[in-house]
Peer 1: 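Please read through the structure below; I'll follow up with questions.
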Amino acid sequence: MSLSKFSSAFALTCAATAALLAPAVAFAQEAAPAAAAAAAPALTMDKGDNTWMLVSSALVLLMTIPGLALFYGGLVRAKNMLSVLMQVFMITAVVALIWVTYGYSLAFTDGGSLNSFVGGFSKAFLAGVNTTSLVETFSKGVAIPEYTFIVFQMTFACITPGLIVGAFAERIKFSAVMLFVVLWVTFIYFPMAHMVWFWGGPSSYTSPAGLIFSYGAIDFAGGTVVHINAGIAGLVGAIMLGKRTGYKKEIMAPHSMTLTMVGASLLWVGWFGFNAGSNLEANSYASLAFINTFVATAAAAVSWCIVETLTRGKASMLGGASGAVAGLVAITPAAGFAGPMGSIVLGLIVSPVCYFFVDVVKNKFNYDDSLDVFGVHCVGGIIGALGTGILVNPALGGAGIVDYSTADFAASYAGTATQVLNQAKGVLTTLLWSGIGSAILYKIVDVVIGLRVTVEAEREGLDLSTHGEAAYHSS
C-alpha cells in the first residue's frame, strides 16, 4: 500500500475512533459527580521515594528497549531481526506520545458513569499537571510528583503492546502493527489499567474504583493489566493472521541465542523497577518485591531446565531464558504480597505449566504463536494471578491485604476461597475484555490496510522487504 493510501486509511480510522469515543465522553461529562471523599491530609513528598521511582521508570524502559527487543530479535530468523527491533522501538515511541495525550487521563481519572471501565478526559494533554502536582502512594498522606507517576505508568503502557508482537512475528505488516497498537492501547490497555489500578487512594478509599479493583482482586505490578492482557491478544492475533509460510516444514530456529540471553538478562534487571517500583515508595514493601522478583525468577529458570532435562535429556539456553521470563511474569502480581519462600514455590510451579502449553498445547492445536507469548505471558500471568490469592496469606509468609477501611490500615486475609475467587474474576474479565476486543480490532485493521505481508515479502524477510535494510552484512 502506498504512503498516501495508508495515510488516508489511518485518518479515516482515527476519525472513526473519535466518533466512537465522543458519545462516551459526553455521557461521562454529563454524569453526576462522585460522592465527596473523606477529608484528605496534606500530602508530603519524600525525595528518596521520588528518586527510586525515577530510577524504576528508567529500568522499565530498559526492559523494553533494548531488553524485550533483543530477546525477541534473537528468537526470530536473521532476515527478520530488524523488523522485530523496529516494531518494539516504534511502539515505545508512539505509545509514549499517546499516553501523555489522552492515555493517562483514560487510565487514572474518574470516568463518571463509566468509571467502572474507563476514566475520562479531564487530564487529556496533561491538563492541570505541573511541578506542584502530587499523587498519593499506598501510605496515607505520602506522595510522589505526578510527573513521576505519569512517567512510571507510561513505561508500562509502552511495554505491554510490545509483548504482543512476538506472537505474530515474521509475517505482519509494519503499518498494521502500528495501527493495531494505536487502537489496542486506546480500547484495551487504558481501560484495563483503569479497571485494575484506579481507586481513590488511602485518603479517599470510599471513592469509586475500577471494576476489577472493586472485585477485591489484587495485582501488584500487572499480571492482568500487562501479561494476561497482552498474552491473550497475542494468541488471537496469531490465529487470525495464520501460520508463517513454511511453518513446521522449514527450520525456524532462533538465529542468535546470544542476543536472546542478553535480552532476557536485561528483562530480569529491568523487572526490579517493574515490580519493586510498583510499590511507589522506597520502603520495606519495595524490598519485599525486589527479593521476590529475584528468587522467583531463579526458581523458574531452574525448574524449566529440570523439566527439559527430564523430557529431552538436555537443558537449553532457550529453556533457561524462557523459564526466567515465566518466573518474572508469575511473580509480577504477587511481588509485594507473597513471602520469599512462597515466591520460590510459585517460580517452581509456573515453568512446568508454561512448558506444557509451549511444547504440548501449541502443537496439539497447531497455532503459530511465533515466540510463545500466550504460553509464557498469558498462562504464566494466570498462574501468578491465582497464586497471588493464596500466597498473600500471612500464614504462608505473605504480607496480607491492607484494609483501608480500618483506622490503622491493618493487614488482613479474607481466606483462600474468597481471595482466589476474586482473583479468578479478575482473570476472566481480562481474558474476555482483551480477547474479544482484540479480535474486533484485528479485523478492523485487516479491512483497512490488511494484516499480512505477501508470501514473497515473507520469503525475502521483513528486514529488506519492509525496511530496506539488513541486520547483518557479510564481509
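The structure presented is a predicted model; accordingly, all values stated were derived computationally and were not measured. Quick note: numbers below take in every heavy atom, side chains included, and nothing from hydrogens, waters or symmetry partners.
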Peer 1: Flag the pair Phe274 / Val226 as yes when at least one side-chain heavy-atom distance between them is below 4.5 Å, and no otherwise.
Peer 2: yes
Peer 1: Which class fits the ring pair His227 and Trp271: parallel under 30°, tilted 30 to 60°, perpendicular over 60°?
Peer 2: parallel
Peer 1: Counting distance only, does the side-chain N/O of Asp463 pair as donor-acceptor with the main-chain N or O of Met81 below 3.5 Å?
Peer 2: yes
Peer 1: Return the minimal non-hydrogen interatomic distance between Thr388 and Ala334, and the atom names on each side.
Peer 2: OG1-CB, 3.2 Å
Peer 1: Are His194 and Trp433 close enough, and set up right, to give a ring-ring contact (aromatic ring centres under 6.0 Å, His included), and what steps lead you there?
Peer 2: CA-CA 13 Å; His194 182 87; Trp433 184 275; over 10 Å; no
Peer 1: Give, for atom CG of Asp46 and atom OG1 of Thr137, the distance between the pair rounded to the nearest 0.5 Å.
Peer 2: 10.0 Å
Peer 1: Applying side chain to side chain contact (heavy atoms under 4.5 Å, CB included), run through Cys378 and Leu431 and close with a yes or a no.
Peer 2: CA-CA 9 Å; Cys378 189; Leu431 291 171; 3.9 Å; yes
Peer 1: Is the shortest side-chain heavy-atom distance between Leu82 and Glu469 below 4.5 Å?
Peer 2: yes
Peer 1: Scan for side chain to side chain donor-acceptor pair (under 3.5 Å) pairs involving residues 145-170, sequence neighbours excluded, and state none if there are none.
Peer 2: Asn50-Thr148, Arg77-Glu170, Asn80-Glu170, Tyr104-Glu146, Lys123-Glu146, Glu170-Arg244
Peer 1: Is it the case that more than 12 heavy atoms not belonging to Tyr472 sit under 6.0 Å from its OH atom?
Peer 2: yes
Peer 1: Heavy-atom count around Leu318 CG within 6.0 Å, excluding the residue itself: above 12?
Peer 2: yes
Peer 1: Between Ala96 and Cys158, which heavy-atom pair has the shortest distance, and what is it?
Peer 2: N-SG, 3.8 Å
Peer 1: Between CD1 of Ile218 and CD of Gln423, what distance do you get to the nearest 0.5 Å?
Peer 2: 5.0 Å
Peer 1: Take Ile164 and Trp184 through the test side chain to side chain contact (heavy atoms under 4.5 Å, CB included) and record every step on the way to the result.
Peer 2: CA-CA 10 Å; Ile164 301 173; Trp184 191 83; 3.7 Å; yes
Peer 1: Between CD1 of Ile91 and CG of Leu68, what distance do you get to the nearest 0.5 Å?
Peer 2: 9.0 Å
Peer 1: Hey, could you give me the OG/OH distance between Ser370 and Tyr247, rounded to the nearest 0.5 Å?
Peer 2: 8.0 Å
Peer 1: Is the centre of the Phe198 ring less than 6.0 Å from the centre of the Phe108 ring?
Peer 2: no
Peer 1: Once you round to the nearest 0.5 Å, how far does OH of Tyr442 lie from CE of Met240?
Peer 2: 8.5 Å
Peer 1: Output the distance between atom CD1 (Ile436) and atom CD1 (Ile440), rounded to the nearest 0.5 Å.
Peer 2: 7.5 Å
Peer 1: Could you tell me whether Asp372 and Lys362 make a salt bridge, using a distance below 4.0 angstrom between a side-chain N and a carboxylate O?
Peer 2: yes
Peer 1: Sub-3.5 Å donor-acceptor pair from the side chain of Thr332 to the main-chain atoms of Gly222, do we have one?
Peer 2: no
Peer 1: CZ of Phe294: more than 12 outside heavy atoms within 6.0 angstrom?
Peer 2: no
Peer 1: Between Val76 and Gly73, what is the shortest heavy-atom contact and its length?
Peer 2: CG2-O, 3.2 Å
Peer 1: When you look at Val225 and Tyr189, which way does the side chain to side chain contact (heavy atoms under 4.5 Å, CB included) test go after all the steps?
Peer 2: CA-CA 7 Å; Val225 180; Tyr189 181 82; 3.5 Å; yes
Peer 1: So does Gly231 get a backbone contact from the side chain of His377, meaning a donor-acceptor N/O pair under 3.5 Å?
Peer 2: no
Peer 1: In chain order, what residues pass the ring pair (Phe, Tyr, Trp, His ring centres under 6.0 Å) check against Phe374, with sequence neighbours excluded?
Peer 2: none
Peer 1: Would you call the rings of Trp199 and Phe138 parallel, tilted or perpendicular, taking 30° and 60° as the class edges?
Peer 2: parallel
Peer 1: Counting only heavy atoms not in Phe174, do more than 12 fall under 6.0 Å of its CZ?
Peer 2: yes
Peer 1: Between Ser434 and Asn229 (side chain of the first, backbone of the second, donor and acceptor by atom type, cut-off under 3.5 Å), is there such a pair?
Peer 2: yes
Peer 1: Is the CE atom of Met257 crowded by more than 12 outside heavy atoms at less than 6.0 Å?
Peer 2: yes
Peer 1: Would a distance-only check, ignoring hydrogens and angles, find a side-chain to backbone donor-acceptor pair under 3.5 Å from Arg452 to Ile172?
Peer 2: no
Peer 1: If the threshold is 4.0 Å, N to carboxylate O, is there a salt bridge linking Asp368 and Arg171?
Peer 2: yes
Peer 1: Is it true that atom OH of Tyr285 has more than 12 heavy atoms of other residues, nucleotides or ligands lying nearer than 6.0 Å?
Peer 2: no
